[in-house]
Amino acid sequence: MDRYLVFGHPVRHSKSPFIHTLFARQTQQELEYGLAEPVVDEFAQALRTFFDQGGKGCNVTVPFKEQAFTLVDRLSPRAKRAGAVNTIKLTDDGVLLGDNTDGAGLVADLKSHGVTLADSRILLLGAGGAARGALAPLLAELPSELVIANRTHTKAQQLAAEFCDLGPVTAQTYEQLAGPFDLVINSTSASLQGELPPLVPALIHTDIAIYDMMYGASDTAFISWAKQHGARQTMDGLGMLVEQAAEAFTVWRGIRPGTKQVLRELKRNLGVI
């Protein structure tokens with residue numbers, strides 16, 4: 001039976017085995033999907049061993065995405081742009097192909113919620129790996145402007161300069177931000193610590209769409225804050241998790257699984273519904 005894994009540290013909390021097991025059942029694909037939690041300096045060896053022993057593909061999560069970028073034989077165009085790899089496939093000719101499905105997952109989830117990206121003004125909070133992975137897919141949707149804001153302004157400037165060939169992307173400090181924005185995406189990990197980006201409440205209005213890449217059984221700190229200040233459409237990253245997994249499954253198996261039922265099952269598993 002074909003074997004797949006998710007590498008991460010920590011990774012025991014991962015919902016990837018649950019999601020991919022449902023995808024396999026839905027598409028009648030025979031595979032098994034497990035977890036691997038090597039310490040940071042043993043990831044390269046663990047990855048090689050997995051494929052030497054017949055592994056067909058894997059997902060890669062924190063803190064190994066940048067390391068995986070350097071370990072594969074070939075990179076997809078979107079992995080090159082993202083500077084990180086979250087999906088690896090062993091091709092028929094024995095090549096390890098590194099891909100990045102995070103940005104595609106984000107865009108698919110936004111569209112599933114009816115969010116219009118074309119001609120919209122988007123604010124992206126954060127300038128780390130999650131923001132980098134999202135930029136090219138977001139710009140491909142032709143927004144009127146994409147503004148990056150980050151606590152360390154120079155990082156936002158560097159990111160904007162790197163992606164400016166793809167569309168109208170600029171960097172601003174939190175103090176410079178002026179609305180209205182149609183969509184705000186929080187790519188920072190602040191919600192994991194129950195913290196908030198330093199965003200002024202005046203930027204929130206009733207017609208804005210709020211997206212936090214983090215998720216949990218209840219609203220993240222950022223979503224709770226946005227609701228308190230009048231945002232009516234708020235979304236967390238659970239749908240992105242499922243959509244990027246569907247993209248990875250398609251890379252591996254050549255068949256696109258449906259995501260709606262799997263997302264419902266995942267919410268039920270988490271106690272969200």
Let me see the working for L110 and L138 under side-chain contact (heavy atoms from CB on, under 4.5 Å), right down to the final yes or no. CA-CA 10 Å; L110 286 166; L138 285 171; 4.1 Å; yes
Does F222 sit in a hydrophobic cluster with other residues, and if so which ones, taking ILVMFWY side chains as linked at heavy-atom separations under 4.5 Å, directly or through other members? L123, L125, V147, Y174, L177, F181, V184, L196, L199, V200, L203, I204, I208, I210, W225
Hey, does R232 have a side-chain heavy atom less than 4.5 Å from the side chain of D207? yes
Measure the spacing between CZ of R264 and CG of N269 and express it to the nearest 0.5 Å. 15.0 Å
Side-chain donor-acceptor pair present, D236, Y211, cut-off under 3.5 Å: no
Any side-chain heavy atom of L5 sitting closer than 4.5 Å to one from L35? no
Side-chain donor/acceptor of N186 to backbone N/O of D212, under 3.5 Å: no
Would a 4.5 Å heavy-atom cut-off, applied to side chains only, mark C58 and T87 as touching? no
Under 3.5 Å, is there a donor-acceptor pair between the side chain of T21 and the main chain of F18? no
Are K15 and L266 close enough, and set up right, to give a side-chain contact (heavy atoms from CB on, under 4.5 Å), and what steps lead you there? CA-CA 8 Å; K15 295 301 178 183; L266 181 57; 3.8 Å; yes
Backbone N or O of V95 within a donor-acceptor pair of the T91 side chain at under 3.5 Å? yes
Main chain of L96, side chain of D73: is a donor-acceptor contact present, judged purely on distance under 3.5 Å? yes
Flag for N59-Y33: side-chain donor and acceptor within less than 3.5 Å: yes
Where the side chain of T152 meets the backbone of T154, is there a donor-acceptor pair that is under 3.5 Å apart? no
Donor-acceptor pair between E265 and Q261 side chains, under 3.5 angstrom: yes
Would you indicate whether the side-chain heavy atoms of F163 and R81 approach each other to under 4.5 Å? yes
Could you check whether T101 and Q244, counting side-chain N and O atoms only, form a donor-acceptor pair closer than 3.5 Å? yes
Treating N150 as the side-chain partner and A127 as the backbone partner, does any N or O pair qualify as donor plus acceptor under 3.5 Å? yes
Under a 3.5 Å distance rule, please check whether S76 uses its side chain to pair with a backbone N or O of A79 as donor and acceptor. yes
Donor-acceptor contact below 3.5 Å, side chain R3 vs main chain G54: no
Between K80 and D99, does at least one N-O distance fall below 4.0 Å, as a salt bridge requires? no
E66/R132 under salt bridge (Lys or Arg N to Asp or Glu O under 4.0 Å): CA gap, chis, key distance, verdict: CA-CA 12 Å; E66 287 76 21; R132 176 180 290 274; over 6 Å; no
Any link between V6 and Y4 through a network of hydrophobic side chains (Ile, Leu, Val, Met, Phe, Trp, Tyr) touching at under 4.5 Å? yes
Between the main-chain N or O of A84 and the side-chain N or O of N100, is there a donor-acceptor pair closer than 3.5 Å? yes
Could you walk me through whether Q233 and V115 satisfy the side-chain contact (heavy atoms from CB on, under 4.5 Å) test, starting with their C-alpha distance in whole Å, then the side-chain angles of each, then the deciding distance to 0.1 Å, before giving a yes or no? CA-CA 9 Å; Q233 185 177 21; V115 176; 3.8 Å; yes
Donor-acceptor pair between Q45 and T49 side chains, under 3.5 angstrom: yes
Do you reckon I255 sits in the same ILVMFWY cluster as L90, going by side-chain contacts under 4.5 Å, direct or chained? no
Is the centre of the F64 ring less than 6.0 Å from the centre of the F43 ring? yes
With a 4.0 Å cut-off on N to O distance, would you call E243 and R256 a salt bridge? yes
Whether over 12 other heavy atoms sit under 6.0 Å from D92 CG: no
With a 4.5 Å heavy-atom cut-off, do T27 and R253 have their side chains touching? no
Are L135 and L146 close enough, and set up right, to give a side-chain contact (heavy atoms from CB on, under 4.5 Å), and what steps lead you there? CA-CA 9 Å; L135 274 168; L146 195 156; 3.7 Å; yes
Check whether any side-chain N or O of T206 sits under 3.5 Å from a backbone N or O of G230 as a donor-acceptor pair, and report yes or no. no
